[in-house]
Protein chains: 2
Amino acid sequence: MGTTQLETVPEPKYWHLKTVLSDALDSEFAVGEILPNERELAARFGVARATLRQALEQLELEGRLQRRRGVGTTVAPPRVGVDVGPGQGGPNVWPGAAGDAWYTEDHEETVPPAMVASLLGTEGEPVHAVRRSRTTNGQPVATEILYVPAATVPGLPAEPVEAVPGTGGAARARAVLRELHRRELDGQDRTVELGSIRADDARRLDRLPGAPVLVVTTRYVADGHTAALAVSTFRADTCRLSFSDGEGVPLLAG
Amino acid sequence: MGTTQLETVPEPKYWHLKTVLSDALDSEFAVGEILPNERELAARFGVARATLRQALEQLELEGRLQRRRGVGTTVAPPRVGVDVGPGQGGPNVWPGAAGDAWYTEDHEETVPPAMVASLLGTEGEPVHAVRRSRTTNGQPVATEILYVPAATVPGLPAEPVEAVPGTGGAARARAVLRELHRRELDGQDRTVELGSIRADDARRLDRLPGAPVLVVTTRYVADGHTAALAVSTFRADTCRLSFSDGEGVPLLAG
DNA sequence: AAGTGGTCTAGACCACTGG
DNA sequence: CAGTGGTCTAGACCACTTT
């Protein structure tokens, strides 16, 4: 005879909290505004700090919030549409072609991870590794390693003696890309999956280790072989990957 | 004088733990094998259960583990390559065309979320909403809602009286798709972003609310307008999205 | 009923940023 | 330096699955 408990499935506190906060963000906060600190928010909602943090983590995962240690929690701007096209069947282009959005940073020769090597068919052999990065509005959004087997770029000279150490890496990287462009690109295909950022990339992308990232693996095909393989790491909190076909600006890229 | 502390950045415990566990998974466990329970693992590594859970969460995010309440933690199989192609520029096809991987489930007429409505240009109006789902190896991997403005499918009859309630939804959904296929598809473009699963989709995909998902938004263009919009939700833990160009099976799809 | 993972607490200390 | 978010603890209870 008491209250009829229709809601037989008690919603977790952090889940309800997330909904409340989400609504508040829509109605009461502007982009860039800083929220009260976690201890105060927890007190205000009458929950432990850990519970509040669980809700904040969800909202950060969805790109609604941005948290920075020592600074505070701010309302994040809408996700940036990052064009990773042109997609398949469109005008395939090699990485580093004129007008692409990446900045070529460095080069070294290494033995790639086993999974990369097996796709390249270069078990155990060292390959060229070109490091590239990408920014939007001054913020780093992605980092990439492009693996190029030596067999793909036979025209490259032997490792040159460094005239000016520190600048040689980028120069060698560009040389690899130039050599790559001499070959005809037959096609490419991509996969996208969720990952967590490794320690070295964490610094490059200004995130803490373990932050969620979208990992894009691109296989470049020439002469029926895998001529190169790019592993690109995008910040999942700030990026929306856009696969456009190059015919006009896609609406979704917003 | 004492020990030289070269590693000036103390690694968080859960991060180190994750590495240890990851190596152990590679070398000592087979796919499907169940791990010791959380309380025992925590004791074995000398950490609090919450800390251990932080490491397990990371590994689950990366698709290495699968945890189920009441059951235990098991070693996950490698991620499934889910083909979401053919991509842009390739042979664009309407959803529901012969041979696509989706199962048509239901239909209703609703006013879509504001962001969908603005892309469709149907502010406030109800549109057709076709619910579809997708499985791989018997496991649900994705759920989708396809929004079709009434203007796109003018040939549809008015809402029919249900002869057999419960089967009518799927039948109406297929009718919408048939009507859609009569139009010529000019192109499509997609975005991929990280999200957290909503409560209703959580049941469909056999996950708890808040689990990470890859949200694919596809815009279908006909006659220069957005003729339909699909919002697809893929389990991020089990899926690797593959954008193939339809010319042979892509290596990355493995 | 027993055992699992999921939620929640109240507190402590650490790492980082900024004035 | 004060204030922020990040890590960690030791415990409790809950929801769920299996036996």
Side-chain angles (χ1 to χ4, degrees), chain A residues 5 7-19 21 33-61 64-76 196-197 199 202-203 206-212 237, chain B residues 5 7-19 21 33-61 64-76 196-197 199 202-203 206-212 237:
Chain A
Q5 184 71 21
E7 190 53 70
T8 176
V9 181
E11 207 173 34
K13 273 190 189 178
Y14 78 92
W15 187 256
H16 178 245
L17 201 49
K18 180 198 144 186
T19 309
L21 286 169
E33 197 167 348
I34 66 176
L35 270 62
N37 70 56
E38 296 183 349
R39 288 159 180 89
E40 172 167 349
L41 279 177
R44 187 180 299 185
F45 287 105
V47 298
R49 190 176 155 221
T51 303
L52 174 84
R53 278 180 61 81
Q54 211 169 342
L56 294 185
E57 266 152 35
Q58 287 267 343
L59 291 169
E60 191 178 28
L61 190 85
R64 308 282 317 269
L65 291 179
Q66 187 162 354
R67 297 190 291 174
R68 279 189 304 170
R69 170 155 53 176
V71 180
T73 302
T74 59
V75 180
S196 55
I197 197 170
R203 279 187 295 274
D206 191 25
R207 300 256 63 196
L208 290 176
D237 56 340
Chain B
Q5 182 72 20
E7 192 50 71
T8 175
V9 180
E11 207 173 34
K13 272 190 189 177
Y14 78 91
W15 187 256
H16 179 243
L17 202 49
K18 180 198 144 187
T19 309
L21 286 168
E33 195 168 347
I34 66 176
L35 270 61
N37 71 55
E38 296 183 350
R39 288 160 179 88
E40 171 167 349
L41 280 178
R44 186 178 302 185
F45 287 104
V47 299
R49 191 178 155 218
T51 303
L52 174 85
R53 279 179 60 81
Q54 211 168 343
L56 293 184
E57 267 153 34
Q58 288 268 343
L59 291 169
E60 191 177 29
L61 191 84
R64 308 284 314 271
L65 291 179
Q66 185 162 354
R67 298 191 288 173
R68 277 188 305 170
R69 171 155 50 178
V71 180
T73 302
T74 59
V75 180
S196 56
I197 198 169
R203 279 187 295 274
D206 190 26
R207 299 256 64 197
L208 291 176
D237 56 341

Please pick, from [options], the nucleotide with the shortest atom-to-atom distance to any side-chain atom of [X].
{"X": "A:Arg67", "options": "C:dG5, D:dT9, D:dG5", "value": "D:dG5"}
{"X": "B:Tyr14", "options": "D:dT7, D:dT9, C:dG6", "value": "D:dT7"}
{"X": "A:Leu208", "options": "D:dT17, D:dG6, C:dG6", "value": "D:dG6"}
{"X": "B:Pro12", "options": "C:dG6, D:dC8, D:dG5", "value": "D:dC8"}

Would you mind reading off the distance between [X] atom [atom1] and [N] atom [atom2], rounded to a whole angstrom?
{"X": "A:Leu35", "N": "D:dG5", "atom1": "CG", "atom2": "C1'", "result": "13 Å"}
{"X": "B:Lys18", "N": "D:dG6", "atom1": "NZ", "atom2": "C1'", "result": "16 Å"}
{"X": "A:Asn37", "N": "D:dT4", "atom1": "CG", "atom2": "P", "result": "4 Å"}
{"X": "B:Lys13", "N": "D:dC8", "atom1": "NZ", "atom2": "P", "result": "7 Å"}

TODO: With rounding to the nearest 0.5 Å, note down the distance linking CD in A:Glu40 to CG in A:Leu35.
DONE: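 If I round to the nearest 0.5 Å, the distance is 10.0 Å.
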TODO: Starting at CZ of A:Arg64, measure out to NZ of A:Lys18 and round the result to the nearest 0.5 Å.
DONE: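 Atom-to-atom, A:Arg64:CZ and A:Lys18:NZ are 9.0 Å apart.
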Task: Phosphate-side-chain proximity, A:Thr73 and D:dG5, N/O vs OP1/OP2 below 4.0 Å - done: yes
- [ ] Using heavy atoms and a sub-4.0 Å distance, could you list which residues of residues 48-57 of chain B are near DNA chain D? By number, please.
- [x]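 Contacts with DNA chain D under 4.0 Å: B:Ala48, B:Arg49, B:Ala50, B:Thr51, B:Gln54.
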